[in-house]
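One structure is given here, and the rest of the page talks about it.
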Amino acid sequence: MVYRSFLLSAAASLVGALVVDSRQRTSTSEVPDYFNTDLAYFPGPTATGSAPFLAQTNPAPFPGTSYIPNSPLETQIPIAGNSKNGNIFQLHGHLSHYFPNPDGFGVDEYPLPAGAEIVGLNMLSRHGARYPTIGSGVYDFGQKVKNLTGMFNATGQLDFLNTWRYKLGAEILVPVGKQELFDSGTLHYYMYGHLVNNTDGNKIIARTTTQNRMTQSAEYFLAGFFGLDWTLNATLERIIEGWTGSWNNSLAGYDNCNNSKTGVSFGGADATKKWAEIYLANATERLHALIPGFNWTVTDSYNAQSLCAYETVAFGYSVFCDLFTYEEWEGYEYSVDIGFAGNDAFQSPTGRAVGIGYVQEVLARLKHHTIDGPTGQINVTLDNNTVTFPTNQSIYLDFSHDTNIMSILTAFGFTQFAEFLPPDKMIPHELVVSHMASLPEPSYHKQTHSQH
Ligand SMILES: *[C@@H]1O[C@H](CO)[C@@H](O)[C@H](O)[C@H]1NC(C)=O
Ligand SMILES: *[C@@H]1O[C@H](CO)[C@@H](O)[C@H](O)[C@H]1NC(C)=O
Ligand SMILES: *[C@@H]1O[C@H](CO)[C@@H](O)[C@H](O)[C@H]1NC(C)=O
Ligand SMILES: *[C@@H]1O[C@H](CO)[C@@H](O)[C@H](O)[C@H]1NC(C)=O
Ligand SMILES: *[C@@H]1O[C@H](CO)[C@@H](O)[C@H](O)[C@H]1NC(C)=O
Ligand SMILES: *[C@@H]1O[C@H](CO)[C@@H](O)[C@H](O)[C@H]1NC(C)=O
Ligand SMILES: *[C@@H]1O[C@H](CO)[C@@H](O)[C@H](O)[C@H]1NC(C)=O
Ligand SMILES: *[C@@H]1O[C@H](CO)[C@@H](O)[C@H](O)[C@H]1NC(C)=O
Ligand SMILES: *[C@@H]1O[C@H](CO)[C@@H](O)[C@H](O)[C@H]1NC(C)=O
Ligand SMILES: *[C@@H]1O[C@H](CO)[C@@H](O)[C@H](O)[C@H]1NC(C)=O
Ligand SMILES: *[C@@H]1O[C@H](CO)[C@@H](O)[C@H](O)[C@H]1NC(C)=O
């Protein structure tokens, strides 16, 4: 039932205008003046200073300092075996709440050389932290607990399961996911605000997909970048992302790549499963003993780890987090990394195909031309027209999914992420998903939707 009504509403959301101003203000004639939220109503002085350009003016890095964002989430939970004083919440792969990449992307960073100027930005952002996708293993875990309640008697660390209930939603942004995008928009304004000089009323086009979390992520970002009045500065273009059929959408390239949804591209999910049998063997034995009558399996252990990640971003705290040792959390991150490597990146036969359309769009923008013939993933109706595919902007803002972003990085040929990751042991590696695309669900359990 839950699935069905969700699918219907997702389908309904596909119908509608391509270009929308989502902050439709209530007409002032319909509300009393004291409920009028029009920013032009008795606004007071509104002078603004010059736009910042921190990307260019920042002399950092300074030795020995780092940016520490504040957080509404409870992440101080003691974790067994955490001798490194590490943070397990940064070992949640794509489900980790956003944090700055602690060690770069396999390339060294340098300050801007003297005489160099930044003249443009092409940004591709992931959506924010969200509830599990439909078909996720954690939902099945919730159903199993519900089905078996009364038939098991959990004790010790699992005592809470006697009364625990699955309370997560599906697909849409959680509160901290909205904050992530607002913060990112704010950060990008500091970094690149100078590049936007459309004070003459020209608006830039920003692009996202029709999915609820994709659209809202773009809106929160734009609110952070421009303010709540962002529709004066940007027009949001929503490219159709379907649940059925095959749509052309470079921000959701798997839609138009049927093989990305079949077994040939599930090598990553298979590797995740194989690795889970190894790194979760101890935990499964330990937890199995605490809950007679439940038949606790490796899949249950894996779902319990995912629940720690999901409940943390949805509710601020999760009782599942301290069930596992630090080493088991390192195993979890690795399970996500090999999943992405095999499903979406260099180890996947469809990885590049899914990402190639976006690469072609970036090349077209750099050469200031539109795209007038069918090519992988691109919707030519949109890209053969400067209204929907402008090529003269100094700042391009696009929003996509993590799996799709991973495929785009692959299509660009960032071979530092190409290394084969064995499913039977952890090796040091560059493709660390929590450092690249914080937040969705490793396709460990089901494969119905490969987007995250
Ligand atoms: C829970 O019970 C429902 C209804 O009997 C059944 O359809 C479902 O498969 C069960 N789920 C699990 C995970 O046991
Ligand atoms: C559950 O197990 C504990 C410990 O063995 C026992 O004290 C308790 O009475 C049991 N509860 C139920 C509802 O069976
Ligand atoms: C706007 O910014 C672009 C890119 O920095 C620059 O080329 C252009 O001259 C600027 N236009 C104005 C009116 O400042
Ligand atoms: C946004 O548009 C408004 C109205 O044209 C303008 O006053 C403001 O400077 C613009 N903001 C930016 C950051 O360009
Ligand atoms: C991909 O699958 C969709 C939905 O089943 C189908 O409509 C489409 O024709 C298929 N495309 C190709 C190229 O096989
Ligand atoms: C291309 O985009 C247009 C405008 O949203 C839409 O009507 C059309 O169905 C899309 N075509 C494909 C194949 O995605
Ligand atoms: C599993 O237990 C063995 C024996 O206690 C230990 O050597 C190993 O490190 C444990 N593995 C994990 C992933 O915790
Ligand atoms: C427990 O689960 C495993 C794995 O799903 C299954 O093979 C086994 O038959 C189950 N045992 C019982 C007693 O249900
Ligand atoms: C692209 O646009 C041009 C100019 O409007 C038109 O002549 C051409 O047929 C279009 N190509 C496609 C593939 O839609
Ligand atoms: C969508 O992609 C298919 C396959 O690449 C192509 O044949 C078709 O012309 C494209 N449609 C649009 C509107 O771009
Ligand atoms: C880009 O081109 C469009 C269409 O020619 C024009 O309306 C717009 O002002 C241009 N924008 C910039 C930033 O030059």
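Reckoned from all heavy atoms, side chains included, excluding hydrogens, waters and symmetry mates.
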Atom CZ of residue position Phe225 - does it have more than 12 heavy atoms of other residues, nucleotides or ligands inside 6.0 Å?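 Enclosed: over 12 neighbouring heavy atoms sit under 6.0 Å from CZ of Phe225.
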What are the two closest heavy atoms between Phe324 and Ala304, and how far apart are they?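 Heavy-atom minimum between the residues: CZ-CB, 3.8 Å.
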NZ/NE/NH1/NH2 to OD/OE distance under 4.0 Å, Lys178 and Glu219: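 Result for this pair is no, no salt bridge flagged.
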Can Glu171 and Arg130 be counted as an ion pair, charged N to O under 4.0 angstrom?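 Salt bridge absent between Glu171 and Arg130.
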If you define the side chain from C-beta out and look only at heavy atoms, does anything of [X] sit under 4.5 Å from [Y]?
X      : Y      : result
Thr350 : Asn343 : no
Phe315 : Leu168 : yes
Val433 : Asp402 : no
His401 : Arg213 : yes
Tyr396 : Ser394 : no
Arg207 : Leu251 : yes
Val264 : Asn259 : yes
Leu421 : Phe346 : no

Could you tell me which residues satisfy side-chain hydrogen bond (donor to acceptor under 3.5 Å, both in side chains) with Arg365, sequence neighbours excluded, listed by chain and number?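 Checked Arg365 against side-chain hydrogen bond (donor to acceptor under 3.5 Å, both in side chains); matches are Asn122, Asp398.
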Taking the inter-plane angle between the rings of [X] and [Y] on a 0 to 90° scale, is it parallel (under 30°), tilted (30 to 60°) or perpendicular (over 60°)?
X      : Y      : answer
His188 : Phe221 : tilted
Tyr302 : Tyr332 : tilted
His92  : Trp329 : tilted

Given the rule in the side chain to side chain contact (heavy atoms under 4.5 Å, CB included) test, do Asp383 and Gln360 qualify, once you have shown the distances and angles that lead to the verdict? CA-CA 11 Å; Asp383 283 14; Gln360 289 179 313; over 6 Å; no
Working to the nearest 0.5 Å, report the span between [atom1] of [X] and [atom2] of [Y].
X      : Y      : atom1 : atom2 : result
Asn101 : Ser434 : CG    : OG    : 8.5 Å
Phe340 : Leu431 : CZ    : CG    : 9.0 Å
Ser217 : His127 : OG    : NE2   : 6.5 Å
Leu382 : Asn249 : CG    : CG    : 8.5 Å
Arg238 : Thr215 : CZ    : OG1   : 3.5 Å
His369 : Phe389 : NE2   : CZ    : 8.5 Å

For the side chain of [X] and the backbone of [Y], is there at least one donor-acceptor N/O pair under 3.5 Å apart?
X      : Y      : result
Trp275 : Gly331 : yes
Gln143 : Val145 : no
Gln377 : Ala353 : yes
Asn303 : Gly137 : yes
Tyr279 : Asp424 : no
Thr133 : Ser136 : no

Considering residues at least two apart in sequence or located in another chain, which fulfil the side chain to side chain contact (heavy atoms under 4.5 Å, CB included) criterion with [X]?
X      : answer
Asp255 : Glu241, Trp247
Asn384 : Thr370, Asp372, Val380
Glu330 : Lys84, Leu91, Tyr326, Glu327, Met426

Against Leu397, only a single residue in Val196, Ile204, Ile205 fulfils side chain to side chain contact (heavy atoms under 4.5 Å, CB included); can you say which?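 The single option meeting the side chain to side chain contact (heavy atoms under 4.5 Å, CB included) with Leu397 is Ile204.
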Among side-chain atoms of Asn392 and His368, is any donor-acceptor pair under 3.5 angstrom?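 Side-chain D/A pair, Asn392 to His368: absent.
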May I ask you to check whether Tyr166 and Tyr139 place their ring centers less than 6.0 Å from one another?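 Ring centres of Tyr139 and Tyr166 closer than 6.0 Å.
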Can the ring centroids of Tyr189 and Phe226 be said to lie less than 6.0 angstrom from one another?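 Here the rings of Phe226 and Tyr189 have centres that are no less than 6.0 Å from each other.
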Name every donor-acceptor pair, under 3.5 Å, that has one atom in a side chain of residues 407-420 and the other anywhere in the protein, sequence neighbours excluded.
from	atom 1	to	atom 2	distance (Å)
Ser407	OG	Asp344	O	2.8
Ser407	OG	Gly351	O	3.3
Ser407	OG	Thr403	O	3.4
Thr410	OG1	Met406	O	2.7
Gln416	NE2	Phe105	O	2.9

Between Lys203 and Asn233, is a side chain to side chain contact (heavy atoms under 4.5 Å, CB included) present by the stated rule, with each step listed? CA-CA 5 Å; Lys203 297 183 191 183; Asn233 307 88; 5.8 Å; no
For Glu180 and Asp183, run side chain to side chain contact (heavy atoms under 4.5 Å, CB included): C-alpha distance rounded to whole Å, both residues' side-chain angles, the deciding distance at 0.1 Å, then the answer. CA-CA 5 Å; Glu180 286 170 345; Asp183 285 354; 5.9 Å; no
Test Leu173 against Tyr131 for side chain to side chain contact (heavy atoms under 4.5 Å, CB included), laying out the working first. CA-CA 6 Å; Leu173 296 177; Tyr131 290 118; over 6 Å; no
Report the residues that fulfil salt bridge (charged side-chain N to carboxylate O under 4.0 Å, His left out) with Lys144, sequence neighbours left out, ordered by chain and then residue number.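 Counting only residues at least two positions away or on another chain, Lys144 forms a salt bridge (charged side-chain N to carboxylate O under 4.0 Å, His left out) with Asp300.
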